[in-house]
Each structure stands twice: as C-alpha cells, then as structure tokens.
Q: 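Pasting in a structure now, in structure tokens, and then I'll have a few things to ask.
Chain letters run A, B, ... following the sequence lines, proteins first and then strands; every chain starts at 1.
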Amino acid sequence: MAKIKSLEELKKIKEQAQQSVSLRVKGDNIENLVQVRVAMATCGIAAGARETMNEFIKVLNEEHMDNVVVTQTGCMGYCYAEPTIELTMPGKEPVVYGNVDKNKVHEIVEKAIKGGEMLDGIIPVTHNTVE
Amino acid sequence: MAEYKFHILVCGGTGCLSSNSHEIADGLKDAIKAAGMEEEVKVLQTGCFGFCEKGPIVKVLPDNTFYTQVKPEDVNEIVSEHIVKGRKVNRLLYVDPENEKHISDAKHMDFYKKQMRIALRNCGFIDPENIDEYIGRDGYQALAKCLTEMTPEQVIEEVKKSGLRGRGGAGFPTGLKWQFAHGYQADQKYVVCNADEGDPGAFMDRSILEGDPNSIIEAMAICGYAIGASQGRVYIRAEYPLAIQRLEIAIAQAREYGLLGDNILGTDFSFDIQLCFGAGAFVCGEETALIHSMEGQRGEPTIKPPFPAENGFWNKPTNVNNVETFANIPVIFLKGADWFSSIGTEKSKGTKVFALAGKINNVGLIEVPMGTTLREVIYDIGGGIKNGKKFKAVQTGGPSGGCLTEKDLDTPIDFDNLVAKGSMMGSGGMIVMDEDDCMPSVARFYMEFIEEESCGKCTPCRIGTKRLSELLKDITGGKGTMEHIAELKRVSQVIRDTALCGLGQTAPNPVLSTLAHFEDEYIAHVKDHTCPAGKCTALLKFKINPEACKGCTLCARKCPVGAISGEVRKPHTIDQAKCIKCGACMDNCKFGAITKN
Ligand SMILES: Cc1cc2nc3c(=O)[nH]c(=O)nc-3n(C[C@H](O)[C@H](O)[C@H](O)COP(=O)(O)O)c2cc1C
C-alpha cells in the first residue's frame, strides 16, 4: 500500500474501493433499483443462462448503470424459452422475457431498461416463481 | 479485476464465531471453489449483524437473502441451490412468528424495521479487516474534510451543533468536552477511547470494534485534530481478543496508507494510536481509574476536578470518549450536524445501541433512534417475552442503573427520561425480566457484582456494598426482617452521598429502584417468608397434596435426606426442617401431587 498523500489520492482509492462494496450497497437498496433476475434452472443453464447473466453484468458495468442489479432466480417454468429473465422496474409489475441471448441482452438494456419500452418476446406470467 | 456476481457475508461477531461461523465461511469458500465459481462469488466475514438470537447469520447479496441459524453442514446446499440454481434455501430463512411466513429480506423483519443504524452502519456490511472496504463506504472522508476544510474550532462547533452526548454512561455533551480539552495549553495532549465495557451483559462497544474498527480510528484522529493532540490510546480489556486483533489490523493498515502517522493527507497534522490493555476490572471503565491504569498504577479513581481535560494521562490534557460516541463522529461530518440533530428527542440526539438480553425472544444488538419507546424495543424489535411469560421489569444502565416496569413501557428512551423514571441510559445494556424473576435476587446479583468490583479505595463503597450484599443475602435466604429493609435504605443513602466515584455513588441504584417498584416483594420475603417468584430456594416449601398422593413411596425413596415419611398407600408428608429443597421428590412424583411455592 502506498501512502495516501492528498485528498485526491484518497478519492481515487475510494472510487476503486466503492466498486468492491457496490454490490452490497445495491442489495441494501434493492427495492428502488431495476432488477434483472436470470432463471438458473438446469435447462436455463444448459441453454446459456450463465452467459446471459455475464453479458448483463458486463454491459451494465460498461454503461455504468448503477441503478440496475442482476440476480438469479430458480426455474420459472418456461423451459421452451430459456434463457429467461424477469425484469422489474421499480414500483412496476415484473415482465418476463424468453430466449434472451447476448443480442437480446443489449436490446433489453438499451430499450427496455433505458427506454422503458416493452419488447417482443414477453412471456405472459401465469404463475409465481419457484424460489 | 474479477467481477463478482455475489457476495456472501458470514457473521464474524463473537457470538456467531463461537457457533462455528468460521467453519461456515471456509466451507462456503470450498463449495464455491468446487463449483468452479471463485471468480464470481466473494465470501467474506463481517462484524455482528445484531440478530444474535438466530445466529450464525449468512447473508447473500445482491438479492439480500438473510439466512439464520446456519450450520457448517448447510453450506453445500446454499451454494448448489441458491448460488448455482437461483433457488433460495427456504428452510434457512427467518420465519415470521406472527404468520409463519418465510422472510428472506432482513428489512422486512420486525427485528430490523424500527432500527436505524448510524454507529453500527458498517457492522455486518464490510470486512473489518480490510481498510479499503471502509474507504469504499466514505471512510476517512470525514477526516479529510476536517483537515483540509475546517479549523479545529469549526470541528468542535460542528460536534456541539450535532447535539451528540457521550454514550459511555453519563451523557455529557461531546462537543463541550472537546472544547475544554482544546482550551488547555500543553506540549502534549491525548485522545483516549474508552473500550473497557464492563457492564455485565453489554457488548455494544465490542461489536463496533469487531465490526468497524476504522470508524473509531478516524474519529479519534478527528478528535486529535480538534483538541490539538497527536497521540491516541484505546483502553481495551484483554478479554476482547477479537476486537483487539481487528483494531491492530486496522491501525497497521491505516499507518500503511499514512492515515495515521506524520503529515496525514499531506497536511501538518500528525496522529498515531496505541492500544492499552485492561485486565477487566469494572472500575477501570471510570475515566480517572482508567487513566491511572494506563499509567501502570493501580486502577483506582481519583476525585474530580481536576477533570481529565485539564489533567489526565501523564498529567496532560486528555479527552476520554466512549467507543460508540466516537463511532458517531465520522457520520456527523459526512451528513452534517443538522442531519444528526434531526434524529432523536429534544435533548438526546441521534441513536443509541442496546444489547438486548434476558427473557426476551430476540436477544441481540440493536440500534434505535432516541425517543423510541421501551415497548417498541421489547415487543416490536425484541419480539416480546420468551415462552409467552409476563413482562415484569427491564434493567437499564447495568449495575449503576435501575429497573423500569410495565407503567414505564411507553416512555420514549432518552438520557433525561430514563433518569426521571429512576433508572439511567448507561452504556446500553438492557436486561429483560419476566414473572419468574425475583427482584430482591436481581438486586443481590448486582450487589455481589459491585462488592467484587469495588476497588476498595473508599470506605463507603468497600464496606457499604458488602453490607448491602449481606442484607440481601439474608432477605433472599429467609433470614430477613423488616429491619433489614430499613437498613438497606439507610446504607444505600449513605453510599450514594459519600462514595468517591461513580461506581460507589450509583451502586445502590438497583437496590433502591427494585425497592421503589417491588417493596411488597421484599416484604413477602421477610414477613411471610415466601418468594412470590418462586426463585429463592431457601424460602421454597415443597408440599404434598394429600388428595393427589397415592402413597407410592417413590418420593420417600428418592429423598436424599430422608425428609419424607408415610405409610404405603397413605398420603406422605415432608418434614420442612429436614428438607433441603432439592426438588427430587417433585421431579419424580408420577401423580403431580407435589407443589412448591
Ligand atoms: C464505575 C464506572 C464504570 C464505567 N465504565 C465505563 C465503560 O466501560 N465504558 C465507557 O465508555 N465509560 C464508562 N464509564 C464512564 C466514563 O467514566 C466516562 O464518563 C466516559 O468514558 C466518557 O465518555 P463519553 O463522554 O463518550 O460517554 C464508567 C463510569 C463509572 C463510574
């Protein structure tokens, strides 16, 4: 550790360190954030849910979108449309998207989260998530 | 840098550690490695979450899942289900006692709903052994602000404006104390942090030091800047090894960053901290005794004035503050004195940390805004009395405090209200008692503690507390008379008026307050020779109900002293003179024919 010799240097360290705790800060405030929940059932994982989740995290980081938090959920029951994700804008009803591949991730981030649009590929929700 | 998708926080407070939380953390790390996810999941140990009743606690973020009573054998399921497949492990979630529903986010638990965390803001949130995590939570920004933007006088003014009062017991205004120390000229001054925490059942300061040691270091440096001191000392009891270890790590890391040492953040201000270990004497929490102990002398108090602000450690101006007091300081500078003083009551600002213990469902560490009522603390946060029993009293202020009863439950908690009700805030121990607790016995417990802990320097405390303790032993031992009660009152008054330090002056409080609220219980002990709570064995009478006794002779055979006699198939009787009240007869009777009261 090098010595911190000024306020600017302290700020720099703070910025780096903030990233390491930001996941927890988000968790603490989760109700006020946009939530992306990726379904991680066996079929989802086989269909590439992990890659989908990684892509979300990557894109959101690149765009510095601190108002979005990515978590997982269990099987949502839409095995025919995996990977599926559930998008919840604060204070709104969740929306489920199917067949979310890397391209779809970008579309969701750009249009649904940033633009607040409804996209194609929404699956009508018929039952609650199995948690 | 690896992009973590999950953080798993494992409570590393003393309570959870003693229930193998270390093993849980290691097990989680292994399971995550086995799942090939070390790059994605970070496991860390934090300070206390407060909900000790349901520990060990494991929290998964960012989905904010709060697992309770986790065992080392549960780790594989948490990883394979929750982390890999996204399915929460329901059986480890907290169950709401009201409706038996699982609650996964701690924010929705009654235990946390009414809490507000200022002093405990980082406990259970950061890794206390990594200074970067503290810095990531605005750590040392308050110090930087004070050093680069404010004069010492402005720093003191801000603390005064916040309305912060000392959390160590007396509730003295902190800014004013700093101003006194600032006002004395000397070649050397000292900042002392009082981490002695001697109240039985209290663990507030320990938890802060274990969970967020850097906040204390930062606050002490701010205080050093304000009063003109370049040296700090933390007086901590050697019985707190984990707190000591974490403080040592934090101090070493702060030095490496130059946040302690010469020319902090490139300014003219230099400050460093050393630890002093106490041997765990209650009186050493009293500031003058503490200072003598640090100097290598006997831990005995001296008369004030002079106050430490004028003549303290090595006869130099010294500012002594409690751990929790310090823990509030950085936040006051980050969020402003106005923000801080908007919380609480008219004369008690901010929050207070309490250690909830005794006959309460949710034993643990809590922090609430000043002005929260006792009822809210005991029933809403504490979940009420264990086993559906009836609330009897709550002891606040430890051995120096008093008990409060049913009629005081709606009192908003603050320094002045508790004193007005005959108790005191103290450092924040809160021991809840139910109908099975005998009040003269409670008083006797505290008095035996004080008798043991009295340093012996002044006569009223040394001999007076011994007399009180003897009187209480007589009363609870069935040898008391009305004269004993009168004597208790008289001796208490003398000790109060004449003892040298706060220890003696407040020692009679538990006696006087239990007498004030429960004199009838004392009278029952001395006049009727009964203990209404059924606690005092010497006063217990075991009786055989002749209607229910079948004369099976089992009790007579089990009685170790041969106090039971009777013919076969005829009701038996107990010879009270011989009975040693062991209860063996009652435990063995198959017909429920034996009662005690
Ligand atoms: C018998 C006795 C024990 C005390 N024990 C403690 C203690 O364990 N911790 C503490 O901070 N203050 C304790 N105090 C109060 C200290 O003397 C002192 O008032 C306090 O440390 C000042 O800090 P504050 O203004 O931040 O509360 C005790 C006082 C007495 C009389």
Q: State yes or no: are the ring centers of B:F51 and B:Y94 separated by less than 6.0 Å?
A: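 They qualify: ring centres under 6.0 Å apart.
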Q: Does a side chain donor of either B:N263 or A:K5 reach within less than 3.5 Å of an acceptor in the other side chain?
A: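 Checked: B:N263/A:K5 side chains show no N/O donor-acceptor pair below 3.5 Å.
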Q: Give the member of B:I83, B:I131, B:D127, B:T65 that has the highest number of heavy-atom pairs under 4.5 Å with chain A.
A: B:I83
Q: Quick check: does any side chain N or O of B:E158 sit under 3.5 Å from a backbone N or O of B:F333, one acting as donor and the other as acceptor?
A: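 No, the answer is negative, given that no donor and acceptor are paired below the 3.5 Å cut-off.
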Q: Looking at every non-hydrogen atom in both residues, tell me the closest pair between B:V84 and A:R50 and how far apart they are.
A: O-NH2, 3.0 Å
Q: Answer with side chain, backbone, both or neither: which region of A:S22 has an atom nearer than 4.5 Å to a non-hydrogen atom of chain B?
A: neither
Q: For the residue pair B:H7 and B:Y4, categorise the inter-ring angle as parallel (less than 30°), tilted (30 to 60°) or perpendicular (more than 60°).
A: perpendicular
Q: Which region of A:D28, side chain (C-beta onward) or backbone (N, CA, C, O), has a non-hydrogen atom less than 4.5 Å from a non-hydrogen atom of chain B, or is it both or neither?
A: both
Q: Heavy-atom distance under 4.5 Å to chain B: side chain of A:I4, backbone, both or neither?
A: both
Q: Side chain, backbone, both or neither: which part of B:F6 has a heavy atom under 4.5 Å from chain A?
A: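 Both parts, backbone and side chain.
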Q: Against chain A, label B:L44 side chain, backbone, both or neither, depending on which of its atoms sit under 4.5 Å from a heavy atom there.
A: side chain
Q: Go through A:N54, A:L7, A:L33, A:I45 and name the one with the most non-hydrogen pairs under 4.5 angstrom from chain B.
A: A:N54
Q: Counting only non-hydrogen atoms closer than 4.5 Å, does A:L23 touch chain B with its backbone (N, CA, C, O), its side chain (CB onward), both, or neither?
A: both
Q: Considering residues, nucleotides and ligands other than A:E93, do more than 12 of their heavy atoms fall under 6.0 Å from its CD?
A: no
Q: Report which part of A:E9 has an atom under 4.5 Å of a heavy atom belonging to chain B: side chain, backbone, both, or neither.
A: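 Neither; nothing under 4.5 Å.
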Q: Check whether B:E81 gets within reach of chain A through its side chain, its backbone, both or neither, counting any heavy atom under 4.5 Å.
A: neither
Q: Is it true that B:K113 and B:D110 make a salt bridge, defined as a side-chain N closer than 4.0 Å to a carboxylate O?
A: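 Salt bridge between B:K113 and B:D110, a charged N being under 4.0 Å from a carboxylate O: yes.
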Q: Give the member of A:V38, A:I13, A:V69 that has the highest number of heavy-atom pairs under 4.5 Å with chain B.
A: A:I13
Q: Return the minimal non-hydrogen interatomic distance between B:G12 and B:Q45, and the atom names on each side.
A: CA-NE2, 4.0 Å
Q: So for A:V25, is it side chain, backbone, both, or neither that comes closer than 4.5 Å to the heavy atoms of chain B?
A: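 Looking at A:V25, backbone and side chain both touch chain B.
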Q: Of the listed residues (A:A2, A:S6, A:A49, A:G27), which shares the most heavy-atom pairs with chain B below a 4.5 Å separation?
A: A:G27
Q: Considering only heavy atoms, which portion of B:I264 lies under 4.5 Å from any heavy atom of chain A: side chain, backbone, both, or neither?
A: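 Neither part.
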Q: Does NZ belonging to A:K111 count more than 12 external heavy atoms closer than 6.0 Å?
A: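 No - once you tally the heavy atoms of other residues, nucleotides and ligands closer than 6.0 Å, there are 12 at most.
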Q: Is a donor on one side and an acceptor on the other found under 3.5 Å between the side chain of A:E82 and the backbone of A:G48?
A: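 No, because the side chain of A:E82 does not come within donor-acceptor range (under 3.5 Å) of the backbone of A:G48.
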Q: Flag the one option from A:L10, A:I30, A:T42, A:V70 with the top tally of heavy-atom pairs under 4.5 Å to chain B.
A: A:L10
